[in-house]
Amino acid sequence: MASLSIRSLGKRFGPVDVLHDINLEVEPGEFVVLVGPSGCGKSTLLAMIAGLESITTGEIRIGARRVNEVPPRDRDIAMVFQSYALYPTMTVRRNITFGMESRRVPKAAQAAALARVASLLQIEPLLDRKPAQLSGGQRQRVAMGRALVREPALFLFDEPLSNLDAKLRVEMRTEIKKLHQTLGKTTVYVTHDQVEAMTLASRIAVMHQGRVQQFDRPRIVYERPANMFVAGFMGAPAMNFLPAALATVADRPCVLLPADGAAPVALPLPPVAGEAALVPGRRVILGIRPETIGLAPAAGAAATVEAVAEVVEPTGPDTMVVARLGGRQVIARFDPDTAPDPGDRITLALDPSRACLFDADTHRLI
């Protein structure tokens with residue numbers, strides 16, 4: 001296992017800066033996921049770690065070694081691509097062992113490595129087939145097998161599941177997590193799917209416009225997002241954002257939330273970093289996850305507010321309700337047995353202890 005250190009890293013294509021001052025410290029054995037929308041720079045960053053893209057500024061270290069000028073073949077990495085990149089004329093066996101043959105690994109060592117990864121990935125019956133005879137999931141297992149036989153210091157995954165259907169993606173995600181738990185290798189994984197990021201990662205680096213917005217454990221990223229971009233990107237459905245203002249009611253600091261055709265609702269303040277920022281009248285954005293909104297009465301609710309159910313979307317275990325609250329659309333997650341019908345006027349219970357407060361101008365967490 002090796003650590004990965006990325007310090008003040010920048011990348012420029014001509015006059016365009018695509019990565020800005022990236023700083024990440026990955027511990028040995030960690031599974032770090034780079035997540036963000038298309039064009040945020042995550043695949044470019046992975047390519048720079050692999051040595052497939054040059055570095056404009058900053059440095060990358062794998063273990064104690066600076067690798068800025070080290071060619072990809074000498075970085076002790078293995079990469080699994082989105083496109084599988086298998087040789088179509090070779091059998092699974094040859095696809096896995098070809099790299100070892102090129103490095104003149106002894107035949108006995110090749111056979112032992114092949115047997116080990118074939119058993120680990122459960123692809124022994126596929127060894128004499130060619131890629132065209134395999135399903136997408138089987139091809140991805142072969143691509144991972146080719147990486148595993150190298151026993152590298154660092155594994156790199158570039159959106160390896162994006163070509164698979166939804167059911168197979170869930171199955172392969174589980175397999176990748178089991179592999180990491182078994183091998184304990186340092187891994188950097190790129191995806192645009194926030195569910196993959198949450199389920200796989202030891203820590204998540206959320207990227208946007210070439211910058212790391214937050215780098216932390218999945219639970220922290222989800223419950224205490226650094227800014228509104230992270231809050232809106234992580235979570236399905238996304239966090240609800242409601243314009244509000246700080247106020248003092250009965251000598252207690254609170255958030256005033258507009259309500260349809262009624263006086264504003266006063267909610268106790270959510271947890272915040274410091275009291276100095278809590279100035280009455282300050283414009284804020286209240287962020288509330290759909291699962292923290294319930295039908296009144298609800299245990300733990302600090303306030304109730306009237307709303308109208310506009311759209312009801314059954315998903316099986318949950319029902320999503322799109323409601324109109326304070327002139328804004330919000331999404332709430334309900335149990336199917338208690339979900340309202342479209343057009344119903346409902347009373348929603350809000351729990352501010354599980355909400356987030358963002359500055360209305362900077363969009364950063366308060």
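Everything numeric here is computed off the predicted structure, so don't read it as measured data.
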Cation over ring, Arg364 on Phe229, under 6.0 Å and within 45°?
->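 Relative to the ring axis of Phe229, which defines the angle, Arg364 lies outside at least one limit.
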Under 3.5 Å donor-acceptor, [X] side chain and [Y] backbone:
X      : Y      : answer
Arg224 : Cys356 : no
Asp128 : Val92  : no
Asp318 : Arg333 : no
His20  : Gly10  : no
Asp344 : Asp341 : yes
Asn68  : Gly58  : yes
Arg289 : Ala231 : yes
Arg283 : Ala245 : no

Closest heavy-atom contact between [X] and [Y]?
X      : Y      : result
Thr191 : Lys42  : O-CE, 3.2 Å
Met144 : Ile176 : SD-CG1, 3.7 Å
Pro342 : Glu310 : CB-O, 3.9 Å
Ala197 : Met234 : CB-CE, 4.4 Å
Asp76  : Arg65  : N-NH2, 4.4 Å
Pro72  : Gly51  : CG-O, 3.4 Å

In plain terms, say whether Lys11 and Asp17 are close enough for a salt bridge, that is, a side-chain N and a carboxylate O under 4.0 Å apart.
-> no
Presence of salt bridge, Glu151 and Arg116, under 4.0 angstrom | yes
Indicate yes or no: at least one non-hydrogen side-chain atom of Ile62 is less than 4.5 angstrom from one of Ile77.
-> yes
Close side-chain approach of Leu286 to Leu267, heavy-atom, < 4.5 Å | yes
Are Phe157 and Val35 connected in a single hydrophobic cluster, I mean Ile/Leu/Val/Met/Phe/Trp/Tyr linked by side-chain heavy atoms less than 4.5 Å apart?
-> yes
Residue Arg103 excluded, over 12 heavy atoms near CZ under 6.0 Å = yes
Heavy-atom count around Tyr87 OH within 6.0 Å, excluding the residue itself: above 12?
-> no
Applying salt bridge (charged side-chain N to carboxylate O under 4.0 Å, His left out), run through Arg61 and Glu59 and close with a yes or a no.
-> CA-CA 7 Å; Arg61 289 181 176 271; Glu59 71 170 14; 3.0 Å; yes
Does the pair Ser5 and Glu25 meet the rule for a side chain to side chain donor-acceptor pair (under 3.5 Å), with working shown?
-> CA-CA 5 Å; Ser5 180; Glu25 296 291 334; 2.8 Å; yes
Calculate, to the nearest 0.5 Å, the distance between atoms [atom1] and [atom2] belonging to [X] and [Y] respectively.
X      : Y      : atom1 : atom2 : result
Glu196 : Met172 : CD    : CE    : 10.5 Å
Ile49  : Thr44  : CD1   : OG1   : 11.0 Å
Leu9   : Leu19  : CG    : CG    : 6.5 Å
Glu291 : Ile293 : CD    : CD1   : 9.0 Å
Ser83  : Arg139 : OG    : CZ    : 11.0 Å
Ile123 : Leu114 : CD1   : CG    : 7.5 Å

Taking it one step at a time, do Glu124 and Arg93 satisfy salt bridge (charged side-chain N to carboxylate O under 4.0 Å, His left out)?
-> CA-CA 9 Å; Glu124 295 103 323; Arg93 187 187 309 275; over 6 Å; no
With Phe215, the side chain to side chain contact (heavy atoms under 4.5 Å, CB included) member among Val32, Ile220, Ile204, Asn23 =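 Testing Phe215 for a side chain to side chain contact (heavy atoms under 4.5 Å, CB included) against Val32, Ile220, Ile204, Asn23 leaves exactly one candidate, Val32.
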Flag for Ser162-Gln82: side-chain donor and acceptor within less than 3.5 Å = yes
Indicate the ring-plane relationship of Tyr189 and Phe31, choosing parallel, tilted or perpendicular according to the 30° and 60° boundaries.
->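 The arrangement is tilted - the two ring planes meet at 30° to 60°.
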Working for side chain to side chain donor-acceptor pair (under 3.5 Å), residues Arg129 and Thr91 = CA-CA 5 Å; Arg129 297 186 192 180; Thr91 63; over 6 Å; no
